[in-house]
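Structure record follows, encoded as structure tokens.
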Amino acid sequence: MSKAHRGTGIRSEANHGRGTCPICGKTQIKVLYDQEVDGKKVKICKVCKAALKNKAQKDARLAKKAAPAAEPAAEESAPAEA
């Protein structure tokens with residue numbers, strides 16, 4: 001069967017959802033994803049959205065690893081001072 005409804009959501013947008021991504025600078029790429037960048041809500045491409053999401057996940061994992069490691073060090077140094 002044909003897929004007659006594929007892309008109907010972006011047909012109503014200007015240039016069928018294509019433009020220049022403000023993050024990577026690629027031209028004539030689909031900019032469909034709303035993202036807040038530097039306090040402004042802009043539309044970015046799929047690749048940049050995935051990169052931002054992966055960076056946020058990586059930062060969260062690093063923060064999670066760093067937080068438990070900092071707590072035991074503080075506890076160990078407290079009895080040594082007494």
Write down the atom of [X], the atom of [Y], and the distance for their closest heavy-atom approach.
X	Y	answer
Ile44	Pro22	CG2-CG, 4.1 Å
Arg18	Val31	C-CG2, 4.3 Å
Cys45	Ile29	CB-CD1, 3.9 Å

Report whether Leu32 and Val42 are members of the same hydrophobic cluster (ILVMFWY, side-chain heavy atoms less than 4.5 Å apart, transitive linking).
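They do share one cluster, since a chain of ILVMFWY contacts under 4.5 Å joins Leu32 to Val42.
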
Of Lys30, Glu13, Lys49, the residue whose pairing with Lys43 passes side-chain contact (heavy atoms from CB on, under 4.5 Å):
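Going through the options one by one, the only one that passes is Glu13.
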
Taking only distance into account, with no hydrogens and no angle test, what donor-acceptor pairs under 3.5 Å do side-chain atoms of residues 4-12 form with protein atoms, sequence neighbours excluded?
{"residue": "Thr8", "atom": "OG1", "partner": "His5", "partner atom": "O", "Å": "3.2"}
{"residue": "Arg11", "atom": "NH2", "partner": "Arg6", "partner atom": "O", "Å": "3.1"}

Apply salt bridge (Lys or Arg N to Asp or Glu O under 4.0 Å) to Lys3 and list each qualifying residue two or more places apart in sequence or on a separate chain.
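Applying salt bridge (Lys or Arg N to Asp or Glu O under 4.0 Å) to Lys3 gives none.
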
With Asp59, which residues qualify under salt bridge (Lys or Arg N to Asp or Glu O under 4.0 Å), at least two apart?
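Result, salt bridge (Lys or Arg N to Asp or Glu O under 4.0 Å) vs Asp59: Lys55.
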
